[in-house]
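Reckoned from all heavy atoms, side chains included, excluding hydrogens, waters and symmetry mates. Naming: A, B, ... by sequence-line order, numbering from 1 per chain.
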Amino acid sequence: LPAKFDWRDKAVVAPVQNQQACGSCWAFSVVGAMQSVHAIGGSPLAQLSVQQVLDCSFQNHGCNGGSPFRALTWLKQTRVKLVPQSEYSYKAETGICHFFSQSHAGVAVKNFTAHDFSGQEEAMMGQLVEHGPLAAIVDAVSWQDYLGGIIQHHCSSQWSNHAVLVVGYNTTGDIPYWIVQNSWGTTWGNEGYVYIKIGGNVCGIADSVAAVFL
Amino acid sequence: SFREHFHRMYEVNGEEFNRRHLNFQNATKRHAYLNSLSTAPQSAKYGINRFSDLSQKEFRGLYLRASADRAPLFSGLKTEG
């Protein structure tokens with residue numbers, strides 16, 4: 001494994017988004033993973049519709065919350081193609097699902113894996129390098145006050161409540177850390193990113209991690 | 001300056017102002033505690049941001065709405081899908 005790896009260096013990570021006052025992080029993490037894997041596969045990096053997942057993933061609850069795994073299960077089972085963000089833009093509220101014909105251009109999920117990597121964060125690094133950015137669930141209660149730097153302490157992993165996109169890692173310094181894209185805009189954290197210490201499952205980062213296959 | 005910077009419209013000494021002010025004071029206490037946990041230069045820093053006048057309960061209700069389904073422990077086997 002390289003000592004540091006960042007999918008942003010390969011221009012396959014879309015810009016940081018802002019979910020605004022809507023509990024849609026679960027949709028942003030899934031769509032973020034799909035966008036990156038699609039670009040890693042050679043397609044131009046294009047932003048896909050988060051609103052489509054928010055409105056149509058019926059096992060989830062739109063702005064009232066959801067699970068990335070349930071969204072991925074829905075995408076895999078229905079073969080729904082996510083259309084470009086420009087065709088179905090984000091509104092920060094749950095709406096009526098828009099349906100598109102199967103011939104309409106879009107990106108579909110073929111499969112996904114979901115694992116608990118707690119105690120195996122090096123294997124998680126391997127998954128990241130092999131399969132692209134990973135959708136992960138964390139405990140982000142203390143992130144309300146976060147300004148920047150590497151989170152090492154006081155980020156319990158008892159209660160998962162937020163979904164994010166792991167885009168890289170850096171083990172070259174004193175404190176090895178994950179590079180994680182959040183969906184609270186670029187004015188939060190490190191221009192929209194948060195750094196979490198690798199090892200010890202800080203914030204529960206390794207508890208529930210999904211890789212996407214298109 | 002917080003209200004000015006984050007474009008908050010609640011009036012001074014109104015009911016909402018007093019509630020937000022209390023949330024803000026609680027936030028500054030949290031920051032002191034969280035920042036005390038590590039002095040390493042790279043360690044996380046905590047402080048005033050646009051969420052500082054939200055109570056922790058409000059913050060969770062607005063932004064922390066993801067749920068996790070139990071995932072199997074990674075077995076190290078090569079899993080293509």
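Using a 4.5 Å cut-off between heavy atoms, N60(A) does not touch chain B at all. With a 4.5 angstrom heavy-atom cutoff, L34(B) touches chain A only via side-chain atoms. Both the backbone and the side chain of L54(B) come within less than 4.5 Å of a heavy atom of chain A. Q120(A) touches chain B through its side chain: at least one heavy atom from C-beta onward sits under 4.5 Å away, while N, CA, C and O do not.
In this structure, a donor-acceptor pair under 3.5 Å is present between the side chains of S67(B) and R70(A).
Contact check for H162(A) versus Y63(B): no side-chain heavy atoms found under the 4.5 Å cut-off. Counting heavy atoms from C-beta on, the side chains of T187(A) and R50(B) come closer than 4.5 Å. A 4.5 Å side-chain heavy-atom check between F74(B) and Q127(A) finds at least one atom pair inside the cut-off. Looking at heavy atoms from C-beta onward, F69(A) lies out of side-chain contact with R70(B) at the 4.5 angstrom threshold. Residues N49(B) and W188(A) have side chains in contact (heavy-atom distance under 4.5 Å, counting atoms from C-beta outward). Residues S118(A) and L73(B) are in side-chain contact: their nearest non-hydrogen atoms beyond the backbone lie under 4.5 Å apart.
Among the candidates A68(B), G47(B), G61(B), the residue making the largest number of heavy-atom pairs closer than 4.5 Å to chain A is G47(B). Ranking S183(A), A123(A), A140(A) against chain B, the residue ahead of the rest is A140(A), based on heavy-atom pairs under 4.5 Å. The most heavy-atom pairs under 4.5 Å with chain B, out of Q19(A), K197(A), K76(A), H61(A), come from Q19(A). Per-residue heavy-atom pair counts under 4.5 Å with chain B were compared for M124(A), H154(A), Q144(A), and the maximum is reached by Q144(A).
Once rounded to the nearest 0.5 Å, the distance linking OG of S43(B) with CG of D174(A) reads 11.5 Å. Remark: D69(B) CG to T73(A) OG1 distance equals 7.5 Å, nearest 0.5 Å.
Contact between C63(A) and R65(B) at its shortest, heavy atoms only, is O-CG, 4.3 Å. Residues S208(A) and A71(B) come closest through the heavy atom pair CA-CB, 4.4 Å.
Under the 6.0 Å cut-off for aromatic ring centres, W184(A) and F59(B) qualify, their centroids lying closer than that.
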